[in-house]
Amino acid sequence: MINAPKGTKDILPNESYKWQYIEKVARETAALFGVSEIRTPTFEHTEVFERGVGEGTDIVNKEMYTFLDKGGRSITLKPEGTAGVARAFTENGLNNSALPIKLFYLTSCFRYERPQAGRLREFHQFGTEILGSDKPDIDAETILFAKTFFDKLGIKGLSLRLNSIGCKDCRKNYEKALKEFLNKNADALCPLCRERMEKNPLRVLDCKNDECKKITSGAPVILDYICDDCAKHFEKVKKLLDLSGVEYTVDPKIVRGLDYYTRTVFEFVSDSIGAQGTVCGGGRYDGLIGELGGGDVPGIGFALGIERLLLLMQSTGTEIPCDKKADVYLAPMGEKEAEKAFELVMAMRRAGLKAETDHMGRGIKAQFKYADKIGARFVAVIGSYELDKGVVKVKNMADSTESTVAFCDLENYIKSVR
Ligand code: ATP
Ligand code: MG
């Protein structure tokens, strides 16, 4: 037997309806916010992520699925959605369209990580990128987009944490102060953080190691280093969230792991799904499009992991509706009757009803059992008497009532009582 690669998962029918539901709610929420779908390739030239995600990040350093294709090009499976969208925006000249342009994606992502609960090698993200405006109301709107999506799903117990990491200029001062602090405490940091400290000191604040967490709890706080413009921007974001009645905590320890973030950063975090509690991460990235050669175009986005979302929904008992699978099951009692059932099933489907019949040569009792399993609302029995008279005997599976209905009336009957 061949197994699926480590860190990948089959999504079987008893799960796929949940995914479809989440995707449906994602699309509905996007439509409310005027956000259109973008689909970018599953793989890109490696450079897109090296520049777009940034060297020195965990993703680029350790997690990418990179290979040479048969033409000798370095190709990488997308580890996240933003860089590819930024590349597409630049390449297709979307900067010339009416701005801001609001995009969303639903996509597989690939990261070579140690698989555990909520951490896979192929996982799925719902994300958005809003490009062309640096106004704080777009930051608030992006956060509200995520919040509305969670609310529509009925998710409870997610807290919003908010921070500003300033612009490139304020970051320089802060990084200097942070490096000094970390240098003083270097001996107590984990080896990975000692490495991060030089290349990407902000990332140390994100370390999951308890010792590192203890040390960084005393580190200088970025909010003390941001310039007036960035501070004003942040104040406005908070004010708009207050006006919208959204609860949040300012958490100066939130930094995103990716280099291109500026100003607003945020996370939606749950404490009911263990260590991998960050369901959604986002922030502003005013430098990214420039990094990919597309000029000075500000942007903001978020990405949320669907696997983690499902874990959260499961652990908090959030209900996911499951559509009954069949409106009507045609149960024939012989070969001739089966032909009629076959014909009727297609007629029902043409009329927009979900219809099924026997394909296993089952006896009538076993057919009822099967009809029950597939969630059929009605079972229409055709025996030789019924075939003769041009009728079916319809049983309502919910209350066991029975009616006799002519073949030609079956569609209307099911529709009227459904
Ligand atoms: P973490 O700190 O948990 O590694 P991250 O900072 O790498 O997260 P992002 O790059 O911000 O995560 O990705 C956005 C979201 O995608 C995360 O909040 C999470 O829900 C999901 N995600 C990230 N990596 C994985 C993974 N390997 N498996 C499943 N979901 C993931
Ligand atoms: Mg990660």
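One-based numbering, in listed order, for ligands and for the atoms of each.
Every atom of ligand 1 is numbered from 1 in the order shown, and the set under 4.0 Å from a heavy atom of Gly305 is 15 (C), 16 (O), 20 (O), 21 (C). For ligand 1 and Gly118, the ligand atoms under 4.0 Å from any heavy atom of the residue are 28 (N), 29 (C), 30 (N). Taking every non-hydrogen atom of Val279 and a distance limit under 4.0 Å, the qualifying atoms of ligand 1 come out as 18 (O), 20 (O). Listed by number with element, the atoms of ligand 1 under 4.0 Å from a non-hydrogen atom of Thr278 are 17 (C), 18 (O), 19 (C), 20 (O).
A salt bridge is defined here as a Lys NZ or Arg NE, NH1 or NH2 lying under 4.0 Å from an Asp or Glu carboxylate O, and Glu23 with Arg27 fails to meet this definition. Comment: Lys147 engages Asp151 in a salt bridge, judged by a side-chain N to carboxylate O separation of less than 4.0 angstrom. By the 4.0 Å N-to-carboxylate-O rule, Asp58 lies close enough to Arg196 to be salt-bridged with it.
Between the side chains of Ser403 and Tyr413, at least one donor N or O sits under 3.5 Å from an acceptor N or O. Using a 3.5 Å distance cut-off with no hydrogens or angles, the side chains of Asp251 and Thr249 do not pair a donor with an acceptor.
At least one N or O atom of Leu120, backbone or side chain, sits closer than 3.5 Å to an N or O atom of ligand 1. The distance criterion of under 3.5 Å between nitrogen or oxygen atoms is not met by Arg203 with respect to ligand 1. Between Phe123 and ligand 1, a contact under 3.5 Å exists for no N or O pair. No N or O atom of Glu307 sits closer than 3.5 Å to an N or O atom of ligand 1.
Remark: of the listed residues Phe268, Phe33, Phe104, Phe33 is the sole one forming a ring pair (Phe, Tyr, Trp, His ring centres under 6.0 Å) with Phe145.
Only the side chain of Gln125 comes within contact range of ligand 1, with a heavy atom under 4.0 Å; no backbone atom does.
Taking all heavy atoms of Glu80, Glu63, Arg111 into account, the minimum distance to atom 24 (N) of ligand 1 is reached by Arg111.
In this structure, NZ on Lys102 lies 15.5 Å from CD1 on Ile38, to the nearest 0.5 angstrom.
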